[in-house]
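Only this structure's heavy atoms are used, side chains among them; waters, hydrogens and symmetry mates stay out.
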Amino acid sequence: MGWEQIEISVPNCSSLQVISFPVVQLHLNRTAMRASQKDFENAMNQVKLLKKDPGNEAKLKLYALYKQATEGPCNTPKPGVFDLINKAKWDAWNALGSLPKETARQNYVDLVSSLSPSLESSSQVEPGTDRKSTGYETLMVTSEDGITKIMLNRPTKKNALNVEMYHEIMHALKAASEDDSAITVLTGNGDYYSSGNDLTNFTDIPPGGVEEKAKNGAILLREFVGCFIDFPKPLIAMVNGPAVGISVTLLGLFDAVYASDRATFHTPFSHLGQSPEGCSSYTFPKIMSPAKAIEMLVFGKKLTAGEACAQGLVTEVFPDSTFQKEVWTRLKAFAKLPPNAMRISKEIIRNREKEKLHAVNAEECSVLQGRWLSDECMNAVVNFLSRKSKL
Ligand SMILES: CCCCC/C=C/C(=O)SCCNC(=O)CCNC(=O)[C@H](O)C(C)(C)COP(=O)(O)OP(=O)(O)OC[C@H]1O[C@@H](n2cnc3c(N)ncnc32)[C@H](O)[C@@H]1OP(=O)(O)O
């Protein structure tokens, strides 16, 4: 497969391509060496062997450099604004201007070799390391003292939930529901608990287009939230830092929520052109009153840990300096309680709501499916991805 056929998906916007150019420029400056045609062909073969998708940004760069190296400067008409994928590719190629073919060839070879080591190493983890022992890419899962700890582990991305992480959390929850631990804890690695849905999830558009993307997203979300509704053991959130979006809404389905005083709770759905999920349209009004729930879920009011505790969303707040120590001491004591008694007590408290929660979940996912196709949502995602806005 040549790079002409490579699949590149971009969000429903025409401005994403600006993100790729600075890095391309970086490679343009490295003209000292000259790659032979053989090096170039080897690099093309190496690309096919990459075990992991290098991501849209890298694929666009590779595409542009390939075209420049084989055909010279961009020589095709600019695609229309709605032909998003071809426009992104054209923009990337066109941005190379009159870069000589040999330099493009060298830059292509350099880029491939910069992608290869990291991608190869991701499949060569030594036995006994965390990832190998847990088999997770986006989580750290450990089990000791009767507690299974599921730690969101994308600290450089503020523990944003990408598609892989959704699947891995579901897998970890299913495993925890069957292991011999008494309680399960969800927490985050780094300074954030989680920044919510990874907004780049919106950029990988399948052949069926944005409608298929939205449909798949709704199916995934429904299954994901369903795992929390059905989780049979005490489920505890240790909110170690700021929480955004779905990482907040899900808290209504936890059995206890312990928060550092550094944590904040933010559900900016209207800002994002989206609507509540995680059953929060049902749990939040019950937990904190409809008016307070509307302040959070509709107007996007960010709560401090103290405020969230006063509203009943958080069970207890701890000073950040003693958060880990105090909460783990408490959890270890909980985990010594008879597990069957805890499981049965949770069941009797939660079970009569289960059917309702599943119905709410289904409705929220269906509403969100429509929201994801709206201009309001697409513009918000594009603004974030093109670094025009943050929360
Ligand atoms: C399929 C199921 C869908 C379920 C529906 C769920 C909905 C939601 O969860 S809505 C909430 C979505 N989340 C957001 O809108 C948050 C977006 N992020 C931000 O506004 C900011 O990143 C921040 C306030 C969370 C943190 O700001 P700051 O401290 O300045 O840190 P950076 O922005 O530099 O972030 C570092 C790094 O992480 C990337 N990142 C952070 N959050 C996300 C995210 N949600 N999605 C994708 N990427 C995220 C950020 O882009 C930075 O990456 P690099 O630039 O590569 O370093």
Pairing of R330 and E316 as salt bridge, 4.0 angstrom limit: yes
Partners of N162 by side-chain hydrogen bond (donor to acceptor under 3.5 Å, both in side chains), sequence neighbours excluded? none
If the condition is salt bridge (charged side-chain N to carboxylate O under 4.0 Å, His left out), which residues does R371 pass it with, not counting sequence neighbours? E376
With sequence neighbours excluded, give me every ring pair (Phe, Tyr, Trp, His ring centres under 6.0 Å) pair touching residues 241-264. F228-F254, Y258-F318
Solution key, residues 284-294 side-chain donor-acceptor pairs under 3.5 Å, sequence neighbours excluded:
| unit_1 | atom_1 | unit_2 | atom_2 | d |
| --- | --- | --- | --- | --- |
| K286 | NZ | Y282 | OH | 3.4 |
| K286 | NZ | E353 | OE2 | 2.4 |
| S289 | OG | K292 | N | 3.3 |

Exercise answer: donor-acceptor pairs, residues 332-340 side-chain atoms, under 3.5 Å, sequence neighbours excluded:
none

May I ask whether L186 and F231 are part of the same hydrophobic cluster, defined by side-chain heavy atoms of I, L, V, M, F, W, Y residues being less than 4.5 angstrom apart, directly or through others? yes
Linking directly or through intermediates, with side-chain heavy atoms under 4.5 Å: list the remaining ILVMFWY members grouped with I348, chain and number order. I349
Taking only residues two or more places apart in sequence, or in another chain, which ones meet D255 in a salt bridge (charged side-chain N to carboxylate O under 4.0 Å, His left out)? K346, R350
When hydrophobic residues are tied together by side-chain contacts of less than 4.5 Å, even through go-betweens, does V141 share a cluster with L250? yes
Sequence-distant partners of K158, salt bridge (charged side-chain N to carboxylate O under 4.0 Å, His left out), two or more places apart: D191
Name all pairs fulfilling the side chain to side chain donor-acceptor pair (under 3.5 Å) condition that reach into residues 215-230, sequence neighbours left out, sorted by first residue then second. D230-H358
T264: which residues meet the side-chain hydrogen bond (donor to acceptor under 3.5 Å, both in side chains) condition with it, sequence neighbours left out? none
Can you sort out the partners of E295 under side-chain hydrogen bond (donor to acceptor under 3.5 Å, both in side chains), two or more places apart, ordered by chain and number? none
K302: what forms a salt bridge (charged side-chain N to carboxylate O under 4.0 Å, His left out) with it, not counting sequence neighbours? none
